[in-house]
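Being a predicted model, the structure only gives us computed values, none of them experimental. Lettering follows sequence order; numbering is per chain, from 1. Just so it is clear, the values below take in all heavy atoms, side chains as well, and ignore hydrogens, waters and symmetry mates.
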There are 2 protein chains.
Amino acid sequence: MTRRSAPAAAPSLRPGSGIGRDEELRPLRRDAEVNLGRILSAARDVFAEHGYEAPMETIAARADVGVGTLYRRFPTKADLFGEVALAARRRVREIAHDVLDTVVRDEAVFEFVRRCIAVPSVWRATISAPPWGSTHGTWLTEFSPLLAEIVERSKDAGALRREVEITDIVVLLKAVRAIADLCDTPGSKPSLRFLELSLDGLRPGHEAPAQPPLSVGQLAKRLDRH
Amino acid sequence: MTRRSAPAAAPSLRPGSGIGRDEELRPLRRDAEVNLGRILSAARDVFAEHGYEAPMETIAARADVGVGTLYRRFPTKADLFGEVALAARRRVREIAHDVLDTVVRDEAVFEFVRRCIAVPSVWRATISAPPWGSTHGTWLTEFSPLLAEIVERSKDAGALRREVEITDIVVLLKAVRAIADLCDTPGSKPSLRFLELSLDGLRPGHEAPAQPPLSVGQLAKRLDRH
DNA sequence: GCCTAACCGGAACTCACTATTCCGCTTCGG
DNA sequence: CCGAAGCGGAATAGTGAGTTCCGGTTAGGC
């Protein structure tokens, strides 16, 4: 995609610089600050809606800003996406923790999945990924423990089939995302129906599926190969 | 995509000419006949694997033939795809009829879905579609009655939740396709596991989902908008 | 109010990717 | 053995998207 020859290396993601990058060397001029906010917000929405494929111009338009402005703030598209994805991951972690803290045991997984999906501007950026690097690999590794804990809770509460693995949950999220891309409109979201139907398939009362689950490593590898 | 200005009109699909186009005006030279077979087979596989996006060169390479040869036989990519899709639709109809004829009532839908998916080189071409025209619309309209009959059977046998509509089945097929794209390798197919899990969600014993189903018309419109 | 460093918009440039065409060469088959 | 039918694949041409560039604009310190 990008011309740069470095094949699998993610561009400078400067892990430290979150959205609130106020404490930069030189503070931004007021108008620039406003534009930066606009850009990040637009990028969040547009990436959420169209994934990494979305053209920079679309983001610029949504932010009501010229493309040049995007590039003054973020050297490359990947940098911009990285910023958005970082915020998204942060958000997912919050959701996971909140679910563990406040949701009754048996509803844990279901609630987690529902909440992830309820924040489209966030989960899309996390679940979908740019073509470079092992984004999914890192993402999966990062969230495996948390997700495993959530899954375990629901299993212990007898609300989730014991055969279900965390990779099944991730796959389900992916599937719902695909359906959302295909069928959802602002007004009606068949993907939510599909989600509920599929979640029901994860509840106890069915025979164990013949097909074995994927390991986290396998799944990561496969998701990243695109 | 195509340079031709006719915007939404499917190119000459000459409904009559199936794969066995032996009875043409002038019979093909023996070697050309062989190549034609190779091309159709390659197109079937490649479209199955990558959808309409697959470049003509890929198909040519798989058929071990030059692109020129493709174009001598099929004026445009859409024509080639049309041919493949036609065969695919034919195949799906066969499957549907066979299921209705030979499968026990309660397994009808499940078996139908499984069989559709088991013929990747076919179902991909049917489920995925080229950017022109209302392919899904026609497809859905064409198969609705048959699919409805299959669904009805399983419902009557008490093996399928009454709330499930035929659009739910189509959506499920789409989702499995997406997962297959993402995760399947020749050696292992997590999409099959996902399929089984999701199918279980369609069996009785769960509360009715809150989200309403899509009508066939709505679904067709949405799938065709890409 | 003035001046300049920061900013801005968005046209233009580049590059990658493909459908499709073209044409000199090869091969079937009478 | 000859010509028509085929063939391969380089060349053509259109498209789309990331990135660069630069003349014009504006915030904000003095």
Side-chain angles (χ1 to χ4, degrees), chain A residues 1-7 10-12 21 24-39 42-43 46-47 50-84 130-132 226, chain B residues 1-7 10-12 21 24-39 42-43 46-47 50-84 130-132 226:
Chain A
M1 290 295 126
T2 315
R3 208 135 314 100
R4 309 161 175 288
S5 46
S12 58
R21 39 158 67 197
E24 290 269 311
L25 308 173
R26 196 192 319 104
L28 293 174
R29 228 168 66 176
R30 184 122 16 109
D31 53 344
E33 189 78 45
V34 169
N35 278 339
L36 176 56
R38 276 232 195 83
I39 289 172
V46 172
F47 280 140
H50 306 289
Y52 188 75
E53 314 302 304
M56 288 296 255
E57 284 213 25
T58 306
I59 298 174
R62 175 92 63 122
D64 211 19
V65 141
V67 270
T69 306
L70 260 58
Y71 282 94
R72 198 162 316 99
R73 229 39 84 193
F74 302 91
T76 70
K77 182 182 184 178
D79 286 298
L80 176 53
F81 185 90
E83 201 72 38
V84 171
W132 38 262
H226 293 287
Chain B
M1 289 291 127
T2 316
R3 206 135 314 98
R4 312 160 176 288
S5 46
S12 58
R21 39 158 66 195
E24 289 269 312
L25 308 173
R26 196 191 319 101
L28 293 173
R29 228 167 67 177
R30 184 122 14 109
D31 54 344
E33 189 77 43
V34 170
N35 278 339
L36 177 56
R38 276 232 196 82
I39 289 172
V46 172
F47 280 140
H50 305 289
Y52 188 75
E53 315 302 305
M56 286 297 255
E57 283 213 25
T58 306
I59 298 175
R62 174 95 61 122
D64 210 19
V65 141
V67 272
T69 306
L70 260 58
Y71 282 93
R72 199 163 316 100
R73 229 41 83 193
F74 301 91
T76 71
K77 183 183 184 179
D79 286 298
L80 176 54
F81 185 89
E83 202 72 38
V84 171
W132 37 262
H226 292 288

I need the [atom1]-[atom2] distance between [X] and [N], as an integer number of Å.
{"X": "B:E33", "N": "D:dC7", "atom1": "CD", "atom2": "P", "answer": "11 Å"}
{"X": "B:L70", "N": "D:dG6", "atom1": "CG", "atom2": "C1'", "answer": "14 Å"}
{"X": "B:I39", "N": "D:dG8", "atom1": "CD1", "atom2": "C1'", "answer": "12 Å"}
{"X": "B:D31", "N": "C:dG30", "atom1": "CG", "atom2": "P", "answer": "12 Å"}
{"X": "A:H50", "N": "D:dG18", "atom1": "NE2", "atom2": "P", "answer": "13 Å"}
{"X": "A:M56", "N": "C:dC13", "atom1": "CE", "atom2": "C1'", "answer": "17 Å"}
{"X": "B:K77", "N": "C:dT21", "atom1": "NZ", "atom2": "P", "answer": "14 Å"}
{"X": "A:L80", "N": "D:dA17", "atom1": "CG", "atom2": "P", "answer": "16 Å"}

Judged by nearest nucleotide, the residue sitting upstream toward the 5' end of DNA chain C, B:R30 or A:D64, is A:D64

By nearest nucleotide on DNA chain C, pick out whichever of A:V65 and B:Y71 is the more 5' one.
->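 It is A:V65 whose nearest nucleotide is closer to the 5' end.
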
Taking only N and O in the side chain of [X], is any of them less than 4.0 Å away from OP1 or OP2 of [N]?
{"X": "A:R73", "N": "C:dC8", "answer": "yes"}
{"X": "A:N35", "N": "C:dC7", "answer": "no"}
{"X": "B:T69", "N": "D:dG6", "answer": "no"}

For DNA chain D, whose closest nucleotide is more 5', that of A:A54 or that of B:G68?
->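 Result of the comparison: B:G68.
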
From D:dG18, C:dT20, D:dG6, pick the nucleotide closest to the side chain of A:P55?
-> D:dG18

Closest heavy-atom contact between [X] and [Y]?
{"X": "A:E33", "Y": "A:L28", "result": "OE1-CB, 3.6 Å"}
{"X": "A:I59", "Y": "A:A42", "result": "O-CB, 3.7 Å"}
{"X": "A:A43", "Y": "A:V84", "result": "CB-CG2, 3.8 Å"}

Taking the inter-plane angle between the rings of B:F47 and B:Y52 on a 0 to 90° scale, is it parallel (under 30°), tilted (30 to 60°) or perpendicular (over 60°)?
-> parallel

Could you go through nucleotides 1-6 of chain C and list every protein N or O atom that sits under 3.5 Å from one of its N or O atoms, giving the distance for each pair?
from	atom 1	to	atom 2	distance (Å)
C:dA6	N3	A:R29	NH1	2.8

Less than 4.5 Å apart, any side-chain heavy atom of A:R73 and any of A:N35?
->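 Side-chain contact under 4.5 Å: no.
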
Would you mind reporting whether A:D79 and A:Y71 have side-chain heavy atoms less than 4.5 Å apart?
-> no

List in chain and number order the residues that pass salt bridge (Lys or Arg N to Asp or Glu O under 4.0 Å) with B:D64, two or more places apart in sequence or in another chain; answer none if no residue qualifies.
->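 Counting only residues at least two positions away or on another chain, B:D64 forms no salt bridge (Lys or Arg N to Asp or Glu O under 4.0 Å).
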
